[in-house]
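Here the structure comes first, spelled out in structure tokens, and everything after it is commentary.
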There are 2 protein chains.
Amino acid sequence: MSALPNRDRQAERREATRREIVEAAWEIARRDGLGAVTLREVAAMIGMRSPSLYSHFESKNAIYDAMFGDAWTGYLAEATEAAKTLPDDPRAALEAIAEHFFDFSVADLARYQLMNQRSIPGFVPSEGAYAPSVETMALLHRTMRTIGITDEADIDLFLAITGGLVDCQLANDHGGDRWRRLLPRAIEMYADNVWRQS
Amino acid sequence: MSALPNRDRQAERREATRREIVEAAWEIARRDGLGAVTLREVAAMIGMRSPSLYSHFESKNAIYDAMFGDAWTGYLAEATEAAKTLPDDPRAALEAIAEHFFDFSVADLARYQLMNQRSIPGFVPSEGAYAPSVETMALLHRTMRTIGITDEADIDLFLAITGGLVDCQLANDHGGDRWRRLLPRAIEMYADNVWRQS
DNA sequence: GTCTATACTGTGATAGAC
DNA sequence: GTCTATCACAGTATAGAC
């Protein structure tokens, strides 16, 4: 359908190869940890030599960068979908948001470390890869507004509580639910505080 | 005074060299980040070649291990001291504990990453280095008991809230006080929840 | 444009001389 | 204990085959 069908096919092929590389990197990261990803193994998994990766990514960190963008884009998509079916009750809505973030985070340690911790020495996400993260924050602010929370400090506190529970869960009880069980209570506590005047 | 003065002097000298190595590693970690520590630079800082470090530490991770033990020993010492002069008021005591932990954490990012995050790929603290961390938890439990908090879930929630604030501060507003300012309110919120029946 | 072969630098780690 | 020399492996640069 395009005026330049050849270009499109090339671009598609190129994008497909980039995806292959990133998917291979995710596989290693999930299996052996984020720091265990090596260009040689990524290349071997898709039948290449490591220098060939440089035809598609300018550095190893550029691969991490694509993974970072991937992860936040995935979360943004899920959160956008979830925002459509939030409970009407403000407290139930808060809990739904927190539980969704918690379960998403805990489902993939490597992904969480890449998204929310500075786990790779020297890696700083690019502006482009950071965009879906910023967009996710914007979505959170809009959603919180519909719940009746507009004060930025209130949102900051919500983020700290939710993130703190996730961190404790992953660091001290990986695979368990010791902190997951505290989530409803934590949200109740938070809601009591935010709406303590009314 | 010893029966084997020579042995003592050797042991002292050996321990002094170990300290030199660890201090050099801390200096690099604070300046360029935890992951930027290299054996060659550590060795150069104390006038050695890198292979010589292996006479004192069996691996690079063993140096990280000593640093990990260092950091928690330092915090345990401060916390033990601080526990002696806690306010009588339970809420004020809680806030003092949380503020002390927060300020200690924020004062040194590299130290915090080593103590509380899995920032070094493949590094797992040894049992010995972990001991002061366990001891710190025991101290926290004892202190919380004097405040009137005995339920383990209550303590877990306290840890999550405090740690969450620290993480947000370091990740999103390093050097600022955006989450530090929320700490008194967060502790108030927590106390309201813990003592909501009374 | 895509991939390979080769090679350079820096890393943690080891072997053996002194 | 500390050195020199060296290793295996990492990320990466370059030149050239197709």
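Quick note on labels: first sequence line is chain A, next is B, and so on, each numbered from 1.
The existence of a salt bridge linking B:D173 and B:R180 is excluded, since no basic side-chain nitrogen approaches an acidic carboxylate oxygen closer than 4.0 Å. With respect to the salt-bridge test (charged N to carboxylate O, under 4.0 angstrom), the residues A:R18 and A:E23 do not qualify.
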>> salt bridge (Lys or Arg N to Asp or Glu O under 4.0 Å), that's the test. Do B:K84 and B:E81 meet it? Break it down for me.
In response: CA-CA 6 Å; B:K84 294 177 184 168; B:E81 200 59 32; 3.5 Å; yes

> Run the salt bridge (Lys or Arg N to Asp or Glu O under 4.0 Å) check on B:D151 and B:R145 step by step: do they pass?
Replying inline: CA-CA 9 Å; B:D151 190 343; B:R145 175 173 291 274; over 6 Å; no

> What do the steps show when you test B:E41 against B:R31 for salt bridge (Lys or Arg N to Asp or Glu O under 4.0 Å), and what is the final call?
Replying inline: CA-CA 12 Å; B:E41 187 173 1; B:R31 196 190 57 214; 2.6 Å; yes

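One distance of note links CG of B:D65 with CD1 of B:I120; it measures 12.0 Å at 0.5 Å rounding. One finds the CD atom of A:E99 at 11.0 Å from the CD1 atom of A:I97 (value rounded to the nearest 0.5 Å).
Counting non-hydrogen atoms of other residues, nucleotides and ligands closer than 6.0 Å to OH of A:Y130 gives a total of 12 or fewer.
Cation-pi contact between A:R111 and A:F104: present, with separation from the ring centre below 6.0 Å and deviation from the ring axis of at most 45°.
Spacing between atom CZ of A:R9 and atom C1' of C:dT2 amounts to 16 Å, rounded to whole angstrom units.
Rounded to 10 degrees, the angle between the two end axes of the helix from C:dG1-D:dC18 to C:dC18-D:dG1 is 10°, with five pairs used at each end.
For B:R185 and A:N193, the side-chain atoms include at least one donor-acceptor pair closer than 3.5 Å.
For the contact set between residues 30-62 of chain B and DNA chain D, defined by any heavy atom under 4.0 Å, the members are B:G47, B:M48, B:R49, B:P51, B:S52, B:S55, B:H56. Contacts between residues 11-24 of chain B and DNA chain D, defined by a heavy-atom separation under 4.0 Å, are made by B:R14.
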